[in-house]
Number of protein chains: 2
Amino acid sequence: MMSNSLYQDSHCVVDFTLARLWVDRRAVTLTRKEYDLLSALTANAGEIVPRGVLLRTVWGYGPDIRTRTLDVHIRRLRRKLGGYGEQYIETIFGVGYRFQPWREPKPFAAEPHMLRASA
Amino acid sequence: MMSNSLYQDSHCVVDFTLARLWVDRRAVTLTRKEYDLLSALTANAGEIVPRGVLLRTVWGYGPDIRTRTLDVHIRRLRRKLGGYGEQYIETIFGVGYRFQPWREPKPFAAEPHMLRASA
DNA sequence: CCACTTTTTGCAAATCTTTCACAACTTCCC
DNA sequence: GGGAAGTTGTGAAAGATTTGCAAAAAGTGG
């Protein structure tokens with residue numbers, strides 16, 4: 001059976017059966033843990049996935065394990081997502097992370113730092 | 001399902017019924033195990049075949065057998081694939097191997113993301 | 001016995017994962 | 001605003017695992 005299940009938006013494709021990722025049509029190699037983590041996030045794209053859930057589903061860790069390995073993997077995933085890492089993987093402080101499907105940036109909007117009066 | 005008894009791309013032909021291999025129109029002699037392994041890989045060309053699956057289908061080994069014989073055969077196959085060995089048989093670290101159908105190296109082509117207007 | 005094939009063995013090399021120390025940031029409260 | 005406490009980001013290093021490889025040993029069929 002060829003159920004080609006994948007996540008897809010205008011910059012990023014994750015193929016769960018082939019275990020591969022493309023960013024802007026460019027194949028990106030993921031390690032196993034990176035892929036597991038990305039899967040856990042994209043499978044719930046748009047929703048917050050708590051740290052505890054990630055640590056349990058991806059690492060099999062119990063609730064009382066203290067580690068920074070999740071953060072490190074998040075950082076590597078963000079990198080491999082090219083320039084979009086920060087946009088895709090959002091940090092929910094004190095809770096977890098959320099993979100945010102791509103949204104075209106607003107055509108133009110003044111950023112706060114542009115608004116400072118130049119003395 | 002009419003199984004095509006032939007794998008074929010621009011450098012490599014595997015005939016499953018004759019149990020033979022040609023690389024660049026040159027016949028290559030394979031031993032039995034080499035051929036079984038190549039079959040298992042090319043039959044799923046483009047997909048990852050986990051080590052465990054190879055050890056089971058080609059060797060009949062159970063899940064708890066520790067051996068490096070698979071790696072040794074992979075190496076010999078790569079050699080017999082001429083200069084293309086590394087390109088054809090890809091190592092998926094911690095998972096298995098993948099026979100990758102031949103792809104012509106890109107001459108040069110602008111990728112979508114190169115085309116975005118800068119400034 | 002001989003030629004050939006296959007498996008084992010023991011490192012070396014490559015790769016991936018986790019930890020660590022500390023910087024940066026968020027939140028909360030006075 | 002200005003700490004204090006807790007959380008996350010980060011680069012580098014250590015730790016653990018996997019794979020590559022060469023040579024030797026073991027198996028196979030003539």
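Note that the structure is predicted; figures quoted are calculated from it, not measured.
To the nearest 0.5 Å, atom CZ of residue R51(A) and atom CG of residue D71(A) are 4.0 Å apart. In this structure, the separation between OH on Y97(A) and CD1 on I48(A) is 12.5 Å, given to the nearest 0.5 Å.
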Original post:
Should R103(A) and S10(A) be marked as a side chain to side chain donor-acceptor pair (under 3.5 Å) after you check the CA-CA gap, both sets of side-chain angles, and the distance that decides it?
Top reply: CA-CA 9 Å; R103(A) 305 170 170 186; S10(A) 61; over 6 Å; no
Original post:
Does the side chain to side chain donor-acceptor pair (under 3.5 Å) test come out yes or no for Y7(B) and D15(B), once each step is laid out?
Top reply: CA-CA 7 Å; Y7(B) 170 87; D15(B) 187 319; over 6 Å; no
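Checked against the 6.0 Å centroid criterion, the rings of H73(A) and W59(A) qualify as a close aromatic pair. F99(A) and Y88(A) have their aromatic ring centers within a separation under 6.0 angstrom.
The distance from atom CD of E90(A) to atom P of dG9(D) is 12 Å, rounded to the nearest whole Å. Atom CZ in R75(B) sits about 7 Å away from atom P in dC21(D), given to the nearest Å. Rounded to whole Å, the distance from CG on L55(A) to C1' on dT18(C) is 13 Å. The distance from atom CZ of R79(A) to atom C1' of dG9(D) is 11 Å, rounded to the nearest whole Å. When rounded to the nearest whole Å, the span between CD of E86(A) and C1' of dT8(D) equals 11 Å. Taking atom CD1 of I74(A) as the reference point, atom C1' of dT17(C) lies 15 Å away to the nearest angstrom. Rounded to whole Å, atom P of dG9(D) lies 10 Å from atom CD1 of I89(A). Atoms CG (D71(B)) and P (dA14(C)) sit 16 Å apart, rounded to a whole Å.
Between V72(A) and R66(B), it is R66(B) whose nearest contact on DNA chain C lies nearer the 5' terminus.
When R20(B), R79(B), R75(B), K80(B) are each tested for a salt bridge (Lys or Arg N to Asp or Glu O under 4.0 Å) with E34(B), only one passes: K80(B).
H73(B) has a side-chain polar atom (N or O) that falls below the 4.0 Å cut-off from OP1 or OP2 of dT7(C). Contact annotation: Y61(A) reaches the phosphate of dT18(C) (side-chain N/O to OP1 or OP2, under 4.0 Å). Here W59(A) reaches the OP1 or OP2 of dT18(C): one of its side-chain N or O atoms lies under 4.0 Å away. Here T91(A) does not reach the OP1 or OP2 of dT7(D): none of its side-chain N or O atoms lies under 4.0 Å away.
Closest to the F93(A) side chain, of the nucleotides dT19(D), dT7(C), dG6(D), is dG6(D).
Within 4.0 Å of R76(A), counting heavy atoms only, lies at least one base atom of the nucleic acid.
Side-chain atoms of R78(B) and base atoms of dG20(D) include no donor and acceptor less than 3.5 Å apart.
Only T31(B), R32(B), K33(B), listed by number, bring a heavy atom of residues 30-54 of chain B to less than 4.0 angstrom from any atom of DNA chain C.
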